[in-house]
Amino acid sequence: MRMTSLLTSRFFSASTKKLAQKLLGKIVCVRHGKKVLRGRIVETEAYIGVKDKACHAFGHRRTKRTESLYQPAGFSYVYLIYGMYYCFNVVTCSKGDPQAVLIRALTAVDNDDELLAQGPGKLCRALRINKRHDQKHLLDPRSGIWLEDDGYQVSQSQIDKGPRIGVDYAEEAAKWPLRFYIKGHPDVSRSKNKSKPKT
DNA sequence: TCCGTGATTTCC
DNA sequence: GAAATCACGGAC
């Protein structure tokens with residue numbers, strides 16, 4: 001029997017960029033009645049706040065949607081994109097500093113699990129995450145959505161990084177290497193974990 | 001590669 | 001009000 005624990009507020013006392021890496025290997029849990037859906041994080045992106053053009057809270061933009069980003073570390077931020085897909089983020093930093101880590105891909109925790117969760121939209125579909133999981137405490141299972149650590153270790157040498165996906169509009173910020181993933185993992189989205197071969 | 005799809009935000 | 005925008009994914 002594996003020993004699992006919840007993440008603590010102590011875990012979050014690090015930069016968003018650091019947390020994007022620390023979250024790799026951790027487990028996202030969502031309760032649906034008696035069932036709990038789980039997935040292990042294998043790909044993340046950091047959104048580093050008011051100076052990050054790719055971040056929804058760039059320039060202190062504060063709307064009904066981005067309100068969750070202004071919560072303290074450990075809150076969730078779930079929003080709808082392209083009219084069809086939900087994206088799940090973990091808020092970082094202190095209250096009022098709008099930074100977050102986007103969870104981009106999950107893999108099955110148990111070998112016999114079938115989990116289709118490569119990409120932020122698919123991931124939310126797989127765990128049935130939606131708007132009602134927005135602005136929840138991820139450190140408390142009573143929220144219905146939380147994070148766990150089962151001791152699975154991801155070493156620094158297993159982590160690769162690159163530019164974030166789908167943020168071309170963000171000018172210079174689009175090139176920042178704020179996307180982190182487990183090197184060569186089959187469930188990293190769009191097989192962008194392989195460097196593009198030249199012809 | 002191209003485009004569906006609709007909430008959110010921004011532009012008058 | 002109306003128009004533009006968009007942290008995507010799947011069909012070609």
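Source: prediction; values computed, not measured. Within every chain, numbering begins at 1; the chains are lettered A, B, ... in the order of the sequence lines, protein sequences first and strands thereafter.
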Counting only side-chain nitrogens and oxygens, does [X] get under 4.0 Å of the OP1 or OP2 atom of [N]?
| X | N | result |
| --- | --- | --- |
| A/R61 | B/dT8 | no |
| A/Y169 | C/dA7 | yes |
| A/R65 | B/dA7 | no |
| A/Y85 | C/dC8 | no |
| A/T63 | B/dT8 | no |

Under 3.5 Å on both distances, the Watson-Crick or G-U partner of C/dA7: none
Nucleotide opposite B/dT5 in a Watson-Crick or G-U pair, distances under 3.5 Å: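 For B/dT5, the partner nucleotide comes out as none, under the 3.5 Å rule.
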Starting at atom [atom1] of [X], determine the distance to atom [atom2] of [N], rounded to an integer number of angstrom.
| X | N | atom1 | atom2 | result |
| --- | --- | --- | --- | --- |
| A/K53 | C/dA7 | NZ | P | 14 Å |
| A/R104 | C/dG9 | CZ | P | 7 Å |
| A/R164 | C/dA7 | CZ | P | 10 Å |
| A/I48 | C/dA7 | CD1 | C1' | 14 Å |
| A/F58 | B/dT8 | CZ | C1' | 18 Å |
| A/H56 | B/dT9 | NE2 | C1' | 11 Å |
| A/D168 | C/dT5 | CG | P | 14 Å |
| A/E45 | C/dC8 | CD | C1' | 12 Å |

Among C/dG10, C/dC8, C/dA7, the nucleotide that comes nearest once only the side chain of A/R125 is considered: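 Closest of the options to the side chain of A/R125: C/dG10.
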Of the listed nucleotides C/dA7, C/dG9, C/dC8, the one nearest the side chain of A/K122: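 Nearest nucleotide to the side chain: C/dG9.
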Spacing of A/S5 atom OG and A/L147 atom CG [to the nearest 0.5 Å]: 11.0 Å
Main-chain N/O of A/K53 paired with A/E171 side-chain donor or acceptor, under 3.5 Å: no
Any donor-acceptor pair under 3.5 Å from A/T16 side chain to A/Q99 backbone: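 No, because the side chain of A/T16 does not come within donor-acceptor range (under 3.5 Å) of the backbone of A/Q99.
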Residue whose closest nucleotide on DNA chain B lies nearer the 5' end, A/M84 versus A/K64: A/M84
In whole Å, what separates the [atom1] atom of [N] from that of [M]?
| N | M | atom1 | answer |
| --- | --- | --- | --- |
| C/dC6 | B/dC12 | P | 16 Å |
| C/dC8 | B/dT10 | C1' | 22 Å |
| B/dT8 | C/dG10 | P | 22 Å |

Sugar-phosphate only, base, or nothing, as touched by A/L80 at under 4.0 Å among non-hydrogen atoms: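 Touches sugar-phosphate only.
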Polar pair under 3.5 Å, donor/acceptor by atom type, side chain A/Y79, base C/dA7: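 When only heavy-atom distances are counted, A/Y79 does reach the base of C/dA7 through a donor-acceptor pair under 3.5 Å.
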Aromatic-base stack, A/Y47 on C/dA7, cutoff 5.5 Å, angle under 30: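 So A/Y47 counts as stacking on the base.
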NZ/NE/NH1/NH2 to OD/OE distance under 4.0 Å, A/D52 and A/R164: yes
Anti versus syn assignment for B/dA7, with syn defined as within 90° of 0: anti
A/Q158-A/S155 side chain donor-acceptor pair, cut-off 3.5 Å: yes
Ring center gap for A/F75 and A/H137 short of 6.0 angstrom: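 Yes, the ring centres sit under 6.0 Å apart.
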